[in-house]
Amino acid sequence: MDNEIRFFDPRNETHSGLSNLFERPIELDGIPYLTAEHAYQAAKARDPQIRAWLMAAPTPELSAIVGDSLTAEQTVPGWNDRHVDLMSRILRAKYDQHADLQALLLSTGDAKLVEWAPEDGAVARFWGEFQGRGENTLGKMLMGLRAVYRHADRQGEPGDQALPKPGSGP
Ligand SMILES: Nc1c(N[C@@H]2O[C@H](COP(=O)(O)O)[C@@H](O)[C@H]2O)[nH]c(=O)[nH]c1=O
């Protein structure tokens with residue numbers, strides 16, 4: 001893996017489409033969401049009214065900011081044990097449902113994908129990296145998904161037939 005592709009800004013970057021905040025609707029478990037970020041943040045809220053707000057937030061940034069500031073009491077029980085699985089299902093839905101974004105993901109070849117956060121913090125270092133340091137969980141998930149789609153391409157099968165459908169899980 002010799003090159004690295006850094007993404008963060010959901011607008012005006014070549015790889016903005018890799019951001020969870022990229023403006024593109026997804027459907028998850030039969031429910032439509034404005035963006036992947038709206039789907040992720042809405043699932044975090046225990047209170048139906050807060051969930052509804054997070055689902056309908058005017059921008060994905062606002063959904064992320066408000067969702068990120070929920071207290072433990074406002075967060076669904078067991079969130080820490082299942083949020084990564086949820087993100088995985090959201091990413092599957094996003095790239096299964098948008099052929100152009102799947103093509104963008106495949107176009108990155110063998111590059112290391114990194115959510116390159118401009119500001120430091122626990123969230124930044126969990127999902128991505130700050131100045132090259134962090135777990136880069138989102139980048140790793142995207143690289144894993146890229147390998148799955150590439151494998152499906154090589155089998156000559158459409159990705160959405162060769163792969164398990166999103167829809168089960170938390
Ligand atoms: N790209 C990007 C962000 N990164 C995204 O923020 C989310 C943080 O989730 P959580 O850990 O639940 O707060 C996660 O989807 C991560 O990929 N955040 C932003 O405010 N702006 C942005 O442009």
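Sequence positions, counted from 1, serve as the residue numbers for this chain. For ligands, and for the atoms within them, numbers begin at 1 and follow the listed sequence. Because only heavy atoms are used, hydrogens play no part in the values below, and waters and symmetry mates are left out as well, while side chains stay in.
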Does the residue [X] have a heavy-atom contact with ligand 1, meaning some pair of atoms that are separated by less than 4.0 Å?
X	answer
Gln41	yes
Ser19	yes
Asp9	no

Where ligand 1 meets [X] - atom numbers and elements under 4.0 angstrom, heavy-atom basis:
X	value
Leu138	17 (O)
Pro10	23 (O)
Tyr40	9 (O), 10 (P), 12 (O)
Lys44	10 (P), 12 (O), 13 (O)
Met87	15 (O)

Open item on the list: Using a 3.5 Å distance criterion without hydrogens, assess whether the side chain of Thr108 forms a donor-acceptor pair with backbone atoms of Ala111.
Closed with: no
Open item on the list: If the test is side chain to side chain contact (heavy atoms under 4.5 Å, CB included), which one of Leu105, Asn136, Asp110 qualifies with Met143?
Closed with: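 Passing option: Asn136.
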Open item on the list: Just checking His98 against Phe22, ring centres under 6.0 Å apart?
Closed with: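 No, the ring centres sit 6.0 Å or more apart.
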Would [X] count as being in polar contact with ligand 1, using the rule that some N or O on each side must be under 3.5 angstrom apart?
X	value
Glu115	yes
Val123	no
Glu37	yes

Task: ligand 1-proximal atoms of Glu61, by part, heavy-atom distance under 4.0 Å - done: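 Within the 4.0 Å criterion, Glu61 makes no contact with ligand 1.
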- [ ] May I ask you to identify, for Phe126, whether its side chain, its backbone, both or neither come under 4.0 Å of ligand 1 on a heavy-atom basis?
- [x]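 For Phe126, no heavy atom sits under 4.0 Å from ligand 1.
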[atom]: which protein heavy atom is closest, and how many Å away?
atom	result
atom 22 (C) of ligand 1	Phe8 CZ, 3.2 Å
atom 9 (O) of ligand 1	Trp127 NE1, 3.3 Å
atom 13 (O) of ligand 1	Asp68 OD1, 2.4 Å

Task: Test: Arg11 and Glu23 ion pair at under 4.0 Å - done: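 Salt bridge: yes.
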Open item on the list: Check Asp120 with Arg133, please: is the shortest side-chain N to carboxylate O separation under 4.0 Å?
Closed with: no
Open item on the list: Angle between ring planes, Phe126 versus His83, binned at 30° and 60°: parallel, tilted or perpendicular?
Closed with: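 Judged by the thresholds at 30° and 60°, the geometry between Phe126 and His83 is parallel.
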Task: From CD (Gln155) to CG (Asp153), nearest 0.5 Å - done: 10.0 Å
Task: Spacing of Leu18 atom CG and Leu113 atom CG [to the nearest 0.5 Å] - done: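 Reported value, rounded in 0.5 Å steps: 6.0 Å.
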TODO: Search all heavy atoms of Ala93 against all heavy atoms of Ile26 and return the closest pair with its distance.
DONE: CB-CD1, 4.4 Å
Open item on the list: Between Trp116 and Ile5, is there a side-chain heavy-atom distance shorter than 4.5 Å?
Closed with: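 Not in contact.
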